[in-house]
Visitor: 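This structure is in structure tokens; I'll ask about it shortly.
All figures in this text were calculated on a predicted structure; none of them were measured in a lab. For the numbers below, each heavy atom of this structure counts, side chains included, while hydrogens, waters and symmetry mates do not.
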Amino acid sequence: MAEPYARPIDPILAAGAVVWRGDPADPEVAVVHRPRYDDWAFPKGKLDPGEHVIEACLREVAEETGLEVVLGPALPPVHYLVRGRLKRVDYWTARVIGYGEPADGDEIDEVVWLPLREARERLSYPADVALLEEFARLPLLATPLVFVRHAAAGSRDDWPGDDELRPLDEAGEAQAETLARVLRAYRPAVLVSSPSRRCVQTLAPYARGAGLEIRRDERFSETGYDARETLAAALGLLDAGEPAAVCSHGKVLPELLAAVAEQRFPEAGRLTDTHLDKGAFAVAHHAGGRLTALERYVV
């Protein structure tokens with residue numbers, strides 16, 4: 001008799017960062033000491049139930065080090081077994097923008113800033129050393145441009161009025177609140193949206209918290225989209241050199257993302273999978289007018 005099929009055990013999820021300060025050409029990184037294990041590592045910790053992985057990264061860094069950071073490009077995730085169960089830790093580069101007091105005094109008893117060479121010698125685990133090597137290869141002063149697909153807004157067929165006025169539904173409002181917390185990782189100072197109500201509502205919670213206005217731009221709408229003009233608008237945001245976020249539609253963003261990458265990230269080749277679910281977003285990190293990384297996230 002065949003053995004019953006065993007459902008795979010979900011991995012333990014965690015998030016952390018290689019936090020840096022100083023000269024981007026010769027940075028110092030933060031390494032933490034955990035007295036329980038007597039080891040040295042990068043700040044990280046498990047996700048709380050329902051927490052977005054980027055939220056968890058910000059929270060864990062703040063709790064373990066007291067540091068306020070903005071995230072740069074993602075680093076390769078680290079996988080290992082904990083009592084026979086797979087654990088995945090997602091990491092980002094993170095630049096310090098503020099200092100405070102750690103909250104996790106029992107878990108972390110020391111935070112030290114080290115040049116890369118000394119950090120390699122201090123770190124306890126080969127996986128962290130490999131992570132540091134990846135960190136050292138990345139341009140550290142990239143600026144983010146976040147492309148957001150509007151959050152859930154029910155069915156177009158079920159809305160009786162003008163589709164431009166279709167609002168977020170309950171699930172979409174929850175996505176927008178999550179997005180507001182996640183966007184803190186990138187601190188966009190410029191917010192641009194399709195005039196459609198559901199797009200503006202998607203950025204509204206972050207805009208309120210940051211004290212920012214949302215600029216409405218028809219070129220990012222479904223009816224106003226023009227391949228050349230909308231690409232020019234997106235490249236204008238990129239070339240302005242400020243962290244920015246733009247909210248648009250599922251009929252606009254895939255082609256737009258592919259065009260931006262083709263213009264400014266040619267070494268990546270022609271992108272064929274640029275789909276974003278509702279409420280999802282892509283982060284285009286750029287420096288010197290060129291993309292250095294393009295990442296997608298769900299909410």
Side-chain angles (χ1 to χ4, degrees), residues 47 49-56 144-227 229-231 233-234 236-238 243-261 271-284 294-299:
L47 275 62
E51 188 176 35
H52 194 279
V53 64
I54 291 176
E55 274 188 89
L145 173 56
V146 185
F147 294 90
V148 184
R149 183 179 176 185
H150 70 75
S155 169
R156 187 186 302 256
D157 294 336
D158 293 339
W159 176 249
D162 183 346
D163 191 59
E164 291 293 291
L165 300 179
R166 178 158 50 97
L168 299 184
D169 58 21
E170 186 176 349
E173 290 174 351
Q175 285 180 311
E177 293 293 340
T178 297
L179 185 66
R181 298 189 296 271
V182 170
L183 282 177
R184 287 184 53 248
Y186 303 105
R187 300 297 177 99
V190 176
L191 303 179
V192 181
S193 175
S194 159
S196 296
R197 183 180 182 186
R198 56 194 181 273
C199 289
V200 175
Q201 286 182 317
T202 298
L203 292 182
Y206 175 79
R208 285 194 298 270
L212 297 172
E213 297 293 327
I214 300 172
R215 189 172 82 230
R216 293 158 173 80
D217 190 328
E218 284 283 354
R219 291 173 292 183
F220 294 104
S221 71
E222 290 183 322
T223 55
Y225 172 72
D226 174 87
E229 292 297 322
T230 307
L231 174 61
L237 289 172
L238 187 149
V246 57
C247 187
S248 187
H249 303 265
K251 293 183 178 181
V252 173
L253 288 171
E255 183 176 335
L256 179 60
L257 282 170
V260 169
L271 299 184
T272 57
D273 184 7
T274 52
H275 171 77
L276 292 174
D277 292 333
K278 289 180 180 178
F281 62 96
V283 185
L294 183 62
E295 306 157 2
R296 289 187 298 170
Y297 300 97
V298 297
V299 171

Visitor: Nearest heavy-atom pair of Ala151 and Ala176: which atoms, and what distance?
Guide: CB-N, 4.5 Å

Visitor: Using the side chain to side chain contact (heavy atoms under 4.5 Å, CB included) definition, which of the options Val192, Leu203, Val252 pairs with Val246?
Guide: Val192

Visitor: State, to 0.1 Å, how close Ala233 and Phe220 come at their nearest heavy-atom pair, and which atoms those are.
Guide: CB-CZ, 3.7 Å

Visitor: Could you measure the distance from the CZ atom of Arg216 to the OG atom of Ser196? Nearest 0.5 Å is fine.
Guide: 10.5 Å

Visitor: With a 4.5 Å limit on heavy-atom distance, are the side chains of Glu55 and Val182 in contact?
Guide: yes

Visitor: Does a side-chain heavy-atom distance below 4.5 Å link Tyr225 with His249?
Guide: no

Visitor: With side chains defined as the heavy atoms from C-beta onward, is the minimum distance between Leu253 and His150 less than 4.5 Å?
Guide: no

Visitor: In terms of side-chain geometry, is the basic nitrogen of Asp277 or Arg296 positioned less than 4.0 Å from the acidic oxygen of its partner?
Guide: no

Visitor: Just verifying a value: how many Å separate Gln175 CD and Gln201 CD, rounded to the nearest 0.5 Å?
Guide: 12.5 Å

Visitor: Quick one: pull up CZ in Arg198 and CZ in Arg149 and give me the separation to the nearest 0.5 Å.
Guide: 9.5 Å

Visitor: Would you say the side chain of Glu255 lies within less than 4.5 Å of the side chain of Thr230, judging by non-hydrogen atoms?
Guide: no

Visitor: Could you state the interatomic distance from CG (Leu191) to CG (Leu183), rounded to the nearest 0.5 Å?
Guide: 8.0 Å

Visitor: Can you tell me how far the CZ atom of Phe281 sits from the CZ atom of Phe147, to the nearest 0.5 Å?
Guide: 13.0 Å

Visitor: Hey, are the side chains of Leu257 and Leu276 touching, using non-hydrogen atoms and a 4.5 Å cut-off?
Guide: yes

Visitor: So, taking the atom named CD in Glu173 and the one named OG1 in Thr202, what distance separates them when rounded to the nearest 0.5 Å?
Guide: 10.0 Å

Visitor: With a 4.5 Å cut-off on side-chain heavy atoms, are Leu212 and Tyr206 touching?
Guide: yes

Visitor: Are side-chain heavy atoms of Thr223 and Glu218 found at a separation under 4.5 Å?
Guide: yes

